[in-house]
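Quantities reported herein were computed from a predicted structural model and do not represent experimental measurements. Residue numbers count from 1 along this sequence.
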Amino acid sequence: MDRTWTVGFCWRCEDDDVPVLWIGPVQDAEVGDAGFLCCAPCVRRLEALVSAHNRRRVVVNENPVLSALARLNGA
């Protein structure tokens, strides 16, 4: 992933005039899309959330009972 930082507005904490990183596009059903930009602390928080999400998926996939329940519930 390209890690080009610019100075701007963080969409997560709403801090302004800080180095921000483009995370990806966000969409609004009525208006369209825009770039989602976050400052370094918010990028770290989002990365931690992604890691936690992926760890939960690995645990479910390694436990046959949980995996069967997850499949039944659409996971």
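Scored by the side chain to side chain contact (heavy atoms under 4.5 Å, CB included) test, P19 finds W5 as partners (sequence neighbours excluded).
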Quick one: side chains of residues 31-46, donor-acceptor pairs under 3.5 Å with protein atoms, not counting sequence neighbours, listed by atom name and distance.
none

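Closest non-hydrogen pair, W11 versus V26, comes out as CZ3-CG2, 3.9 Å.
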Yes or no on side-chain contact (heavy atoms from CB on, under 4.5 Å) for T4 and L21, after CA distance, side-chain angles and deciding distance? CA-CA 6 Å; T4 303; L21 180 66; 5.6 Å; no
